[in-house]
Participant: 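This is the structure I have questions about; it appears just below.
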Amino acid sequence: MTRGQYLDMLQQLTGFRPQDETAHSGASRMSLTAIRHHLEILHPDITGETNDIHIHRYTRLLLLLIFGGVLFPNTSGNLVSLRFLHHLQRLDDLPQYSWGADVLTYLYKQMFRASMGTQHDVCGFLPLLQFIWTPYSDDLISGLPDYCSAG
């Protein structure tokens with residue numbers, strides 16, 4: 001898709017289109033700052049009276065922030081791939097995706113890139129490393145079946 005097609009899709013799904021469309025690098029990336037600024041302007045007071053379309057648009061923008069700023073960040077820390085818009089078309093389908101596996105795969109891919117010298121910083125959901133490298137307690141290990149500790 002071209003940048004214009006992504007921006008058309010963004011506007012259709014979220015009601016937002018950045019003012020300066022040429023200021024962001026890459027055809028399929030967008031500044032998280034532009035999304036944050038737009039959300040600050042909206043100040044939605046979501047109540048029982050709020051239209052579903054407004055809730056869905058706001059939710060999609062928040063999900064873009066989460067994807068680009070937390071789960072799948074890049075080394076700039078301020079860009080999100082507009083390719084996520086395809087996943088945001090049907091909000092009801094999101095829980096069926098294997099997001100944990102995707103986030104872990106992305107983190108390993110970014111660690112590989114940093115170790116091979118193709119990028120200088122590691123990006124990804126780094127709190128996963130703390131969880132993965134936390135030593136297991138003796139109580140947990142003793143409760144596992146024998147085949148888990150067989151070499």
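Just the heavy atoms: all of them, side chains too, but no hydrogens, waters or symmetry mates, feed the values below.
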Participant: Does a sphere of radius 6.0 Å around NE2 in His86 hold more than 12 heavy atoms from other residues, nucleotides or ligands, not counting ones at 6.0 Å or beyond?
Facilitator: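 More than 12 within 6.0 Å, yes.
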Participant: Can you list the steps and then say if Leu13 with Leu85 is a side-chain contact (heavy atoms from CB on, under 4.5 Å)?
Facilitator: CA-CA 8 Å; Leu13 293 175; Leu85 291 173; 4.2 Å; yes
Participant: Quick check for you: to the nearest 0.5 Å, what is the distance between Tyr6 atom OH and Ser81 atom OG?
Facilitator: 6.0 Å
Participant: Within the supplied structure, the quantity of interest is the number of heavy atoms (other residues, nucleotides, ligands) at a distance under 6.0 Å from Arg36 CZ; does it exceed 12?
Facilitator: yes
Participant: Quick one, Tyr58 with Thr14, criterion side-chain contact (heavy atoms from CB on, under 4.5 Å). Give me CA distance, side-chain angles, the key distance, then yes/no.
Facilitator: CA-CA 7 Å; Tyr58 192 78; Thr14 67; over 6 Å; no
Participant: Which pair of non-hydrogen atoms, one from Arg17 and one from Gly4, has the smallest distance, and what is that distance?
Facilitator: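 Looks like NH2-O, 4.0 Å.
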Participant: With a 4.5 Å cut-off on side-chain heavy atoms, are Asp8 and Gln12 touching?
Facilitator: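 Answer no - side chains too far apart.
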Participant: Find out whether Met30 and Phe16 are in side-chain contact, i.e. whether some heavy atom of one side chain is under 4.5 Å from a heavy atom of the other.
Facilitator: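 In short, these two side chains touch, coming nearer than 4.5 Å.
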Participant: Please report the interatomic distance CG(Asp93) to NE2(His87), rounded to the nearest 0.5 Å.
Facilitator: 11.0 Å
Participant: Please tell me if the side chains of Thr105 and Lys109 come closer than 4.5 Å, counting only heavy atoms from C-beta onward.
Facilitator: no
Participant: Nearest 0.5 Å please: distance from the CG atom of Leu91 over to the CG atom of Leu63.
Facilitator: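 One gets 6.5 Å once the value is rounded to the nearest 0.5 Å.
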Participant: To the nearest 0.5 Å, how far apart are OG in Ser115 and CD in Gln110?
Facilitator: 11.0 Å
Participant: Look at the side chain of Asn78 and the backbone N and O of Thr33, then say whether any donor-acceptor pair between them is shorter than 3.5 Å.
Facilitator: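 Yes; judged by distance alone, with no hydrogens or angles, the pair exists.
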Participant: Roughly how far, to the nearest 0.5 Å, is CD of Gln5 from CE of Met9?
Facilitator: 9.5 Å
Participant: With a 4.5 Å heavy-atom cut-off, do Asn74 and Arg29 have their side chains touching?
Facilitator: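 Result yes, sub-4.5 Å side-chain heavy-atom pair found.
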Participant: Show your working on side-chain contact (heavy atoms from CB on, under 4.5 Å) between Ile35 and Val80 and close with a plain yes or no.
Facilitator: CA-CA 10 Å; Ile35 297 171; Val80 62; 4.0 Å; yes
Participant: Are any of the side-chain heavy atoms of Tyr106 and Cys123 separated by less than 4.5 Å?
Facilitator: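 Yes, side chains in contact.
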Participant: Treat each ILVMFWY residue as a node, draw an edge where side-chain heavy atoms are under 4.5 Å apart, and state whether Tyr97 and Val70 are in one component.
Facilitator: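 Yes.
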Participant: Is any side-chain heavy atom of Leu88 less than 4.5 Å from a side-chain heavy atom of Phe67?
Facilitator: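 The answer is yes; the side chains approach within 4.5 Å.
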Participant: Might you work through the side-chain contact (heavy atoms from CB on, under 4.5 Å) test for Trp99 and Leu94, ending with a clear yes or no?
Facilitator: CA-CA 9 Å; Trp99 292 108; Leu94 288 179; 3.6 Å; yes
Participant: Does any part of the side chain of Leu39, heavy atoms only, come nearer than 4.5 Å to the side chain of Leu62, both counted from C-beta?
Facilitator: yes
Participant: Can you tell me how far NE2 of His56 sits from CG of Leu61, rounded to the nearest 0.5 angstrom?
Facilitator: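 Rounded to the nearest 0.5 Å, the CG-NE2 separation comes out at 13.0 Å.
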Participant: So do the side chains of Leu64 and Leu10 get within less than 4.5 Å of each other, counting heavy atoms only?
Facilitator: yes
